[in-house]
Protein chains: 2
Amino acid sequence: MRTLDELERFEPFHSLSEEGRRLLVKGLVRKECSRGEVTLYKGQPVSGAYVVLAGRLRVFSLAPNGTEATLYFIEPGETCVLALNCLFNDLLYPAWVQAEIGSTIALIPGAVYRKLFERETTIQNLTVHTLSTLVFRLMSELELVHSSHHRQRLANFILMQSASDGVLRMTQQQLAQHLGTTREVVARLLSEFSANGLVRTQRGAVAIKDLFGLRRVVAPEGDGSKE
Amino acid sequence: MRTLDELERFEPFHSLSEEGRRLLVKGLVRKECSRGEVTLYKGQPVSGAYVVLAGRLRVFSLAPNGTEATLYFIEPGETCVLALNCLFNDLLYPAWVQAEIGSTIALIPGAVYRKLFERETTIQNLTVHTLSTLVFRLMSELELVHSSHHRQRLANFILMQSASDGVLRMTQQQLAQHLGTTREVVARLLSEFSANGLVRTQRGAVAIKDLFGLRRVVAPEGDGSKE
DNA sequence: GGGGCTATGTATCTTTTGCTACGGAATCCT
DNA sequence: AGGATTCCGTAGCAAAAGATACATAGCCCC
């Protein structure tokens with residue numbers, strides 16, 4: 001079964017017991033998502049654990065007024081913890097998930113995952129670790145949102161998400177969605193950055209020109225952190 | 001040992017195996033915190049799992065500019081998940097914890113907790129459940145922050161946190177800290193609410209006068225949620 | 001009952017956002 | 001090439017939020 005092979009390329013599923021493996025084979029479902037497809041809706045009951053095999057998923061919240069805000073991304077090898085979360089607490093899924101690019105997902109049905117969790121140490125660790133990581137991401141995000149203006153958050157986002165060549169390939173519209181604001185604000189800030197020689201904007205991308213300058217925008221002079 | 005007795009009043013620790021119990025007895029530490037005392041600092045290495053026996057802890061983030069923002073509270077019987085989190089990932093504690101009122105805490109050393117986690121199903125479930133709950137709280141909080149103005153968040157906070165008599169006993173300064181803003185903004189909004197007959201303000205407290213009116217502030221007319 | 005302290009009610013000014021609108025540039029498709 | 005589409009830059013206005021300042025009211029304690 002191909003899906004299982006792909007799944008086993010990732011650490012935790014590599015070292016399952018024979019029994020666990022058999023359990024897994026039975027229930028595994030493969031799912032293909034095309035670019036832009038919405039995979040999970042808010043309020044949808046969750047049927048299992050999602051492991052991304054290829055592509056990239058974006059988890060975002062959607063406010064009544066239509067503003068989106070990206071909570072985080074799920075890269076290949078990672079599992080959608082929110083789904084896990086719901087699984088263990090019988091909750092409805094609390095956000096939206098969209099495939100950023102064409103993606104392949106392995107779906108492990110809830111019952112199977114629970115059994116695996118009971119028996120396999122590696123799955124226990126995976127679960128706790130994944131949840132913890134999410135908690136951490138959310139905490140930092142929350143702290144960022146509380147403590148900084150869009151200017152700082154944008155600078156930070158560019159720094160964190162740009163590719164190794166210092167270019168962030170996203171439209172301003174997308175940037176705005178990630179920050180939970182509007183395109184105009186992003187454009188205004190970017191042109192300000194640009195005027196200060198921090199970045200260069202192109203169609204569909206932003207290139208970092210002054211790394212340390214951008215850093216200074218994120219954390220102005222020395223960052224006290226101590227009262 | 002008194003601390004153990006108190007700890008066992010709470011569900012998950014009630015149904016430990018004999019072996020687990022013995023393990024627990026050995027390492028358990030009791031900690032008393034007086035009102036306002038800061039229990040955990042950001043960046044502090046975490047030595048174990050914290051279970052609140054009595055009182056109430058407040059977990060908050062502190063921005064470089066001095067703005068606080070409450071992330072959530074920990075009530076008796078709950079454990080500080082962030083600490084758990086750090087425990088399993090060897091991370092530094094990512095926020096501050098302060099005792100809101102005099103509080104008693106049971107500290108289970110990291111090594112002991114890890115062993116318990118390996119062996120006791122109830123502890124596994126507790127851990128996952130606690131983490132999940134936290135994820136959920138953080139998600140909702142994040143969504144709130146993104147989607148609403150201080151006016152709505154304040155109204156919501158009053159509704160959620162007020163006692164059963166409809167009175168929220170907090171100073172405006174504290175309210176401001178919880179929302180991550182300043183006292184003046186809170187005062188301005190409260191006086192607006194007050195002018196509209198939604199609440200009555202007293203020294204150190206806010207009383208709800210018009211429940212449904214306040215609700216309407218939180219979610220203006222019917223809340224679409226569907227595009 | 002009065003001093004000292006803390007909390008509240010306002011007022012003003014500035015900065016930041018959100019919203020609407022429009023013109024021009026880059027890209028895609030046929 | 002040429003037309004449609006998508007994306008970017010900019011401007012201007014209104015609402016919201018932050019900062020500073022000061023007067024007043026309630027509370028505790030002596």
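So you know, we letter chains A, B, ... as the sequences are listed, proteins then strands, and number each from 1.
For the helix from C:dG1-D:dC30 to C:dT30-D:dA1, the angle separating the two terminal helix axes comes to 40°, with each axis derived from five pairs and the value rounded to 10°.
In the interface, the side chain of B:Arg183 is not paired with the base of D:dG18 through any donor and acceptor atom under 3.5 Å apart.
Taking every heavy atom of residues 197-206 of chain B and every atom of DNA chain D, pairs under 4.0 Å involve B:Arg203, by number. Listed by residue number, the members of residues 185-194 of chain A with any heavy atom below 4.0 angstrom from DNA chain C are A:Val185, A:Arg188.
Contacts classified as ring pair (Phe, Tyr, Trp, His ring centres under 6.0 Å) and involving residues 169-204 of chain A (residues at least two apart or in different chains) are given here: A:Phe73-A:His178, A:Phe157-A:His178. Here salt bridge (Lys or Arg N to Asp or Glu O under 4.0 Å) pairs that include residues 153-178 of chain A, with residues two or more places apart or in two chains, are A:Glu141-A:Arg153, A:Asp165-A:Arg169. Within the structure, side-chain hydrogen bond (donor to acceptor under 3.5 Å, both in side chains) contacts touching residues 127-139 of chain B (residues at least two apart or in different chains) are A:Asn85-B:Ser132, A:Asn89-B:His129, A:Asn89-B:Ser132, B:Glu78-B:Arg137, B:Tyr113-B:Thr127.
Interatomic distance, B:Phe13 CZ to B:Arg9 CZ, rounded to the nearest 0.5 Å: 13.0 Å. Atom CG of B:Leu7 is separated from atom CD1 of B:Ile105 by 12.5 Å, given to the nearest 0.5 angstrom.
Residue A:Thr182 places none of its side-chain N or O atoms closer than 4.0 Å to OP1 or OP2 of C:dT17. Remark: B:Gln172 is in phosphate contact with C:dG9, judged by side-chain N or O atoms under 4.0 Å from OP1 or OP2. Dashed line: the shortest gap from a side-chain N or O of A:His149 to OP1 or OP2 of D:dG18 is not under 4.0 Å.
Between B:His150 and A:Met170, the one whose closest nucleotide on DNA chain D sits nearer the 5' end is A:Met170.
Rounded to whole angstrom, the span from the CG atom of B:Leu154 across to the P atom of D:dG18 amounts to 13 Å. Between A:Glu184 atom CD and C:dA21 atom C1' the separation is 9 Å, expressed in whole Å. Taking atom CZ of A:Arg169 as the reference point, atom C1' of C:dT27 lies 17 Å away to the nearest angstrom. For A:Arg151 and C:dT14, the CZ to P distance is 18 Å, given to the nearest whole Å. C:dG18 atom C1' lies 15 Å from atom NE2 of B:His146, rounded to whole Å. C:dG9 atom C1' lies 15 Å from atom CD of B:Gln173, rounded to whole Å. One interatomic measurement links the two molecules: CD of B:Gln177 to P of C:dT6, which rounds to 15 Å at whole-angstrom precision.
Of the possible donor and acceptor atoms, one in the side chain of A:Gln152 sits under 3.5 Å from a partner among the backbone N and O of A:His149. One N or O on the side chain of A:Ser103 and one on the backbone of A:Arg56 form a donor-acceptor pair closer than 3.5 Å. When atom types are taken as modelled, the side chain of B:Gln174 and the backbone of B:Thr171 share a donor-acceptor pair closer than 3.5 angstrom.
Tested against B:His150, the residues B:Thr182, B:Val185, B:Val186 include a single side-chain contact (heavy atoms from CB on, under 4.5 Å) partner, B:Val185.
Using a 4.5 Å cut-off on side-chain heavy atoms (C-beta onward), A:Ile108 and A:Thr79 make no contact.
Note on B:Lys42 versus A:Glu143: salt bridge recorded, some NZ/NE/NH1/NH2 to OD/OE distance being below 4.0 Å.
In this model, a donor atom of one side chain and an acceptor atom of the other lie less than 3.5 Å apart for B:Gln98 and B:Arg58.
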